[in-house]
Q: 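Attaching a single structure in structure tokens format; questions to follow.
What you see below is based on every heavy atom in this structure, not just the backbone, and it leaves out hydrogens, waters and symmetry mates. We're numbering straight along the sequence, starting at 1.
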Amino acid sequence: MKNKIFTVMTIASILILAGCGTTVRPGQMGLKWQPLTKGLSKEPVREGFYSHAFWNDVFVYSIQWQSFTEKVDVLTKDDLHITVEAVAKARLLPKELYQLQLEVGPDFYNTVLKPEFLTTVRSALADYMMVEIPEKSPEIEAKVLADLRRRIEGKHLEVNNVAISHIDFPEGVLRAIETKQAKEQEKIQKVFELDIARQDAEIAREKAKGEADATKIRASGQAEAQRIIDQTLTSRFLQFKAFDNPNAKIIFVPIDKQGLPVVIAPEGE
């Protein structure tokens with residue numbers, strides 16, 4: 001009877017020892033934990049299956065980038081309450097996995113990253129007026145990212161991106177934002193119309209200037225033509241034109257020895 005019990009226990013022990021193990025999947029790293037011999041290994045292990053006694057273990061961590069989303073209640077610069085949805089993309093530093101396990105543990109997000117993330121978001125948004133937040137979101141995100149990196153320095157984590165994905169405004173604030181946007185659109189429209197009016201006025205001025213120049217040119221040409229006519233319109237030329245008209249009445253009036261002037265009587269006299 002004792003032999004049977006010993007045999008069963010031996011077989012069970014063998015099965016337990018053979019069946020214990022931990023799988024580290026792609027995108028993960030692990031630290032071996034051997035409490036009875038070596039303790040926690042400093043060198044991480046990568047993907048694979050690691051068999052071990054049931055009293056040993058392998059602590060498995062994801063080393064992939066993970067997105068963490070939080071809804072944050074914020075008090076803005078103008079003392080208004082809003083709720084923003086902020087997203088942080090972070091991961092542990094693979095080379096510092098041993099230090100992370102010793103100092104922080106597997107729940108590094110809730111232990112280290114989340115409190116600092118909430119604080120940086122609230123601190124950054126507190127510097128802005130309510131209506132400024134939507135249009136200045138890129139600027140705010142950059143500030144949050146820089147501050148968050150500073151706060152978690154030395155905590156064996158890294159962050160590569162922060163985003164303000166959604167903002168919940170009170171109803172009154174939404175109306176204020178819509179009014180502000182409508183006024184900005186109206187301002188842009190007025191500037192556009194003013195530019196068009198200036199262009200039309202410039203075209204009208206250029207057209208008037210062109211017409212004035214043309215009038216001056218015509219007047220100058222007419223004056224020059226008149227001057228030429230006045231210089232060339234002699235008495236002999238006028239006499240010739242009178243002789244050339246069959247309807248003209250011509251009277252010769254003697255004046256002196258040098259010639260006979262011609263007097264032309266108009267038709268009907």
Side-chain angles (χ1 to χ4, degrees), residues 21-35 39-50 52 56-77 80-169:
T22 302
T23 300
V24 179
R25 303 183 183 280
Q28 297 178 331
M29 294 179 69
L31 291 173
K32 290 183 177 181
W33 170 236
Q34 300 170 304
L40 184 66
S41 63
K42 293 184 178 181
E43 293 299 324
V45 294
R46 295 189 176 274
E47 62 267 20
F49 178 79
Y50 298 92
H52 52 75
N56 294 332
D57 200 356
V58 177
F59 299 125
V60 179
Y61 285 85
S62 173
I63 58 173
Q64 297 175 331
W65 290 102
Q66 301 178 63
S67 293
F68 302 95
T69 303
E70 295 292 339
K71 285 191 173 182
V72 190
D73 294 325
V74 176
L75 183 64
T76 62
K77 188 176 181 179
L80 296 174
H81 290 273
I82 62 171
T83 300
V84 300
E85 189 174 276
V87 182
K89 192 173 183 181
R91 69 169 186 172
L92 58 86
L93 290 169
K95 294 182 179 180
E96 300 180 16
L97 183 57
Y98 175 76
Q99 291 84 355
L100 178 71
Q101 175 64 29
L102 287 180
E103 300 172 14
V104 180
D107 193 18
F108 62 86
Y109 176 71
N110 289 314
T111 304
V112 174
L113 188 58
K114 180 179 178 178
E116 300 293 359
F117 184 35
L118 297 177
T119 300
T120 55
V121 172
R122 291 192 180 103
S123 177
L125 290 175
D127 293 333
Y128 293 86
M129 305 288 284
M130 174 82 73
V131 295
E132 295 178 328
I133 293 175
E135 63 186 55
K136 293 188 177 180
S137 288
E139 179 182 315
I140 296 170
E141 291 166 352
K143 287 185 178 181
V144 173
L145 179 60
D147 192 23
L148 184 57
R149 283 174 172 171
R150 180 184 60 81
R151 288 174 176 269
I152 66 171
E153 187 176 357
K155 300 294 179 62
H156 321 297
L157 304 171
E158 61 179 334
V159 181
N160 80 335
N161 188 47
V162 168
I164 306 297
S165 60
H166 181 71
I167 304 173
D168 289 329
F169 292 106

Q: Restricting to non-hydrogen atoms, name the atom on Lys77 and the atom on Met129 that form the minimum distance, rounded to 0.1 Å.
A: CB-N, 3.9 Å
Q: With a 4.5 Å cut-off on side-chain heavy atoms, are Arg91 and Trp65 touching?
A: yes
Q: Give the C-alpha distance, both sets of side-chain angles, the deciding distance and a yes or no for side-chain contact (heavy atoms from CB on, under 4.5 Å) between Met29 and Tyr61.
A: CA-CA 5 Å; Met29 294 179 69; Tyr61 285 85; 5.6 Å; no
Q: Return the minimal non-hydrogen interatomic distance between Val87 and Ser67, and the atom names on each side.
A: CG1-CB, 4.1 Å
Q: Please give me the minimum heavy-atom distance between Ile164 and Ala86, naming the atom from each residue.
A: CD1-CB, 4.1 Å
Q: Ile133 versus Leu125: any side-chain heavy-atom pair under 4.5 Å?
A: yes
Q: To the nearest 0.5 Å, what is the distance between CD (Gln64) and CG (Leu92)?
A: 10.5 Å
Q: Is any NZ, NE, NH1 or NH2 atom of the basic residue among Lys143 and Asp147 found under 4.0 Å from an Asp or Glu carboxylate oxygen of the other?
A: no
Q: Look only at the side chain of Glu85 and the backbone of Thr69, and say whether a donor-acceptor pair between them is shorter than 3.5 Å.
A: no
Q: When you measure from the side chain of Thr120 to the backbone N and O of Glu116, does any donor-acceptor pair fall under 3.5 Å?
A: yes
Q: Which pair of heavy atoms, one from Pro35 and one from Asn56, lies closest together, and at what distance?
A: CD-OD1, 3.4 Å
Q: Between the side chains of Glu96 and His156, does any donor sit under 3.5 Å from an acceptor?
A: yes
Q: Are a donor atom and an acceptor atom from the side chains of Glu139 and Tyr128 found within less than 3.5 Å of each other?
A: yes
Q: Taking the side chain as everything from C-beta on, heavy atoms only, tell me whether Val72 gets closer than 4.5 Å to Phe117.
A: no
Q: What's the shortest heavy-atom distance between Gln101 and Pro106, and which atoms?
A: OE1-CD, 4.3 Å
Q: Tell me, with the steps shown, if Leu157 and Leu100 meet side-chain contact (heavy atoms from CB on, under 4.5 Å).
A: CA-CA 8 Å; Leu157 304 171; Leu100 178 71; 4.3 Å; yes
Q: Apply side-chain contact (heavy atoms from CB on, under 4.5 Å) to the pair Val159 and Leu113, showing each step before the final yes or no.
A: CA-CA 9 Å; Val159 181; Leu113 188 58; 4.0 Å; yes
Q: Looking at side-chain heavy atoms only, is the closest gap between Ile63 and Leu97 below 4.5 Å?
A: no
Q: So which heavy atom on Met130 is nearest to which on Leu80, and how close?
A: CE-CB, 3.0 Å
Q: Look only at the side chain of Arg122 and the backbone of Asp73, and say whether a donor-acceptor pair between them is shorter than 3.5 Å.
A: yes
Q: Side-chain contact, heavy-atom cut-off 4.5 Å: Phe68 with Gln66?
A: yes
Q: Keeping the roles fixed (side chain from Ser41, backbone from Lys32), state whether a donor-acceptor pair exists under 3.5 Å.
A: yes
